[in-house]
Structures are given as structure tokens and as C-alpha cells.
Number of protein chains: 2
Amino acid sequence: MAAETPTELELLILKVLWEQSPLTAAEIRETLAQRGRSLAHTSVITMLQRMVVKRQVEQLDPVEGKAFRFSPLVGDKQVTQGMLGDFVDRVFDGSAEAVILSLFDVAELNAEELSNLRKLLNKKLREVKP
Amino acid sequence: MAAETPTELELLILKVLWEQSPLTAAEIRETLAQRGRSLAHTSVITMLQRMVVKRQVEQLDPVEGKAFRFSPLVGDKQVTQGMLGDFVDRVFDGSAEAVILSLFDVAELNAEELSNLRKLLNKKLREVKP
DNA sequence: GCCACACTTCTACAGGCGTAGAAGTTAGAC
DNA sequence: GTCTAACTTCTACGCCTGTAGAAGTGTGGC
């Protein structure tokens, strides 16, 4: 039991911490503000507190000064893939293929990305086929 | 302004109606139950009522008997693609490529699906390249 | 040794979602 | 015409999420 699906704001905070950690609440708050999400200091702390309870982050003792620092306990890949899996199940009834088809329709992938994908696809095909 | 992202239960109900509509609350309830989501009759109605307010479904007058019937006002593609777009933005910072790569990792696509995708990919490539 | 300030803890609240009971209404049976 | 069973309307409530103020605490400056 681990790695519950984070809420919207939890994910934002995790993203900050995945890029750099540990960070203090104030540092996290500042980064969020730079990204267009301005919150009161206490709001950030409340969230962090809840995330500690949910085991999404851990609270580290201050090295110097008085501010706690926080580190993620869940991994980038782990979380996003979990969320992706949930999403595929909930919205596309578990069909990864349907998702990709839909993405082709909507997303504007450039030539480079497309050939990248083809390369990968070929590799996968070789793996699957004997 | 339309097509808000439906909540989990709203989506379940929409899925039922996309397959067949119009349906009465009782019919919807039954279908949901078959899919493992058993709700009180009034719960279904409450939801439907809220969805009418949100313009996700419309209420049709009874043809015979006394039960209202409901039809979706939003389309399958429209909603799922909207949700997919949101998801890609929120979780993968807008990178459709990252989503597909992640799907390759997680989803067990079989050979047929893979070659289907490759076919599509090639078509896309031809479209993009001069 | 004391003070100011930064930081934390505690508490609260509003809105959305899922859920459903109680009370009211109406259609059809007879 | 009346009754009953089905259906709807009204109301409510608990949980979760996002948000933040007020009050408490401890550190470093001097």
C-alpha cells in the first residue's frame, strides 16, 4: 500500500520536489508562486503536513535555522505511471491503444517525435514477436 | 463554454448514456449496478439532476408512464479528448510524447496493436513531412 | 538575558462530490 | 373516484480538497 494518487495541488508540490529536494516550505511556496500558484505560507504547510500523513513526503529535521525541509517519498515515474494507469482505466476502459489513437488526433507531434516513436515501436515489436 | 470535465460518477453515467439513450433513471441505475456500482435510486436521480444543471445531459419528457428519460448533451470523443488533454497538461506537462512513452512501458500492447499503431504513425509521418 | 521575527501548530471554513432518506406527486388499476 | 405503487423533489450530511488566520514556539541578534 503506497503511492495514492495525489490531488492536483499535491502533484504540483511533488513536481517541485522531484526537481529539487529537500526544500523548505518557504522555498516550495516560492517555486509554486513562480509557476502561477500563489498560496499563503500556512496553506503550503498544511498541504505538506497532510502529505506527510499520506506518506507522500517526509519531513526532515532542520540542518540550520528552524525550518523543516521536505523530500518526496514517492517517485516521479511511480506516481505518473500510476496516475496514467488509473486514467486509462477510468476514461478509456483500460485501452492504451485507444489513448494513443486519441493522442494522435489531438496532439500536434512533430516529425522528430514521430520518428522517435516509430523507432521505439519497432523495438517493442521485435520484443513481442519471436 | 461547455463540456466541463465530468467527475468520476458523472463519467460512469455518461458512458451508460453514450451506449444507449435516452434512458430512465431506473435503467441507468440498473446498468450501473451491473457494472458494480450499486446506488440508491435517489442517488442516481440526484446526480442526473446535477448533470442537467451542468448541461451534461438533458431531461426528456416521458413518452408513456411517468419516468423522465435522459440523454447526453456532450459527446464521447469531445469529453474523453478534453479529459485527456487536461491530464496530459497536468501530469505530463503537456507532452503527448511522454505519455506515449510511458504507455509503452506500462501497457502490454500485443503485436497486432503495435503494428496498427505503426501503420498510423507512418501515415502521420507522411502528413507531417513534405 | 531578552526580543523580534520566522516558522510551526491548531483550527476553521467553504465548495464539490457521493450518498441517500422523507415527503410529496401522479399515473394507472379497478 | 379512489388507492397504491412508482417516480420525483427536497433536504441533508460526511468526507475531501484547497485555503488561510490566530495562536504558540524557538533561534539568533545583540
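What you see below is based on every heavy atom in this structure, not just the backbone, and it leaves out hydrogens, waters and symmetry mates. Predicted model only: the values in this text are computed from it and were never measured. Each chain gets a letter, A, B and so on, in the order its sequence line appears, and its residues count up from 1.
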Strictly under 3.5 Å: I want the nitrogen or oxygen pairs between protein and nucleotides 6-15 of chain D, one per line.
{"residue": "dT8(D)", "atom": "OP1", "partner": "Phe68(B)", "partner atom": "N", "Å": "2.9"}

Would you tell me if any nitrogen or oxygen in the side chain of [X] comes within less than 4.0 Å of OP1 or OP2 on [N]?
{"X": "Ser43(A)", "N": "dT19(D)", "value": "no"}
{"X": "Lys54(A)", "N": "dT17(D)", "value": "yes"}
{"X": "Thr7(A)", "N": "dG18(D)", "value": "yes"}

SB check [X] [Y] (cutoff 4.0 Å):
{"X": "Glu113(B)", "Y": "Lys124(A)", "answer": "no"}
{"X": "Lys15(B)", "Y": "Asp93(A)", "answer": "yes"}
{"X": "Asp105(B)", "Y": "Lys77(A)", "answer": "no"}
{"X": "Arg35(B)", "Y": "Glu19(B)", "answer": "yes"}

Inset, instruction - Could you point out which residue of Val52(B), Leu9(B), Thr42(B) forms a side chain to side chain contact (heavy atoms under 4.5 Å, CB included) with Met47(B)? - result: Leu9(B)

Between [N] ([atom2]) and [X] ([atom1]): distance, integer Å:
{"X": "Met51(B)", "N": "dG18(C)", "atom1": "CE", "atom2": "C1'", "result": "13 Å"}
{"X": "Ile13(B)", "N": "dC17(C)", "atom1": "CD1", "atom2": "P", "result": "13 Å"}
{"X": "Leu12(A)", "N": "dT19(D)", "atom1": "CG", "atom2": "P", "result": "10 Å"}
{"X": "Ile28(B)", "N": "dT19(C)", "atom1": "CD1", "atom2": "P", "result": "15 Å"}
{"X": "Leu39(B)", "N": "dG18(C)", "atom1": "CG", "atom2": "C1'", "result": "8 Å"}
{"X": "Leu11(A)", "N": "dT17(D)", "atom1": "CG", "atom2": "P", "result": "13 Å"}
{"X": "Asp61(A)", "N": "dG26(D)", "atom1": "CG", "atom2": "C1'", "result": "14 Å"}
{"X": "Leu48(A)", "N": "dC7(C)", "atom1": "CG", "atom2": "P", "result": "14 Å"}

Inset, instruction - Give one of base, sugar-phosphate or nothing for Arg37(B), where a contact means two heavy atoms less than 4.0 Å apart. - result: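 Sugar-phosphate: the residue Arg37(B), judged by heavy atoms under 4.0 Å, touches backbone atoms but no base.
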
Legend entry - Residues Glu10(B), Lys54(B); criterion salt bridge (Lys or Arg N to Asp or Glu O under 4.0 Å); working and verdict: CA-CA 11 Å; Glu10(B) 284 168 358; Lys54(B) 291 184 184 180; 2.6 Å; yes

Inset, instruction - Kindly assign one of parallel, tilted or perpendicular to the pair Phe87(B) and Phe92(B), based on the angle between their ring planes and the thresholds 30° and 60°. - result: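 Correct class here is tilted.
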
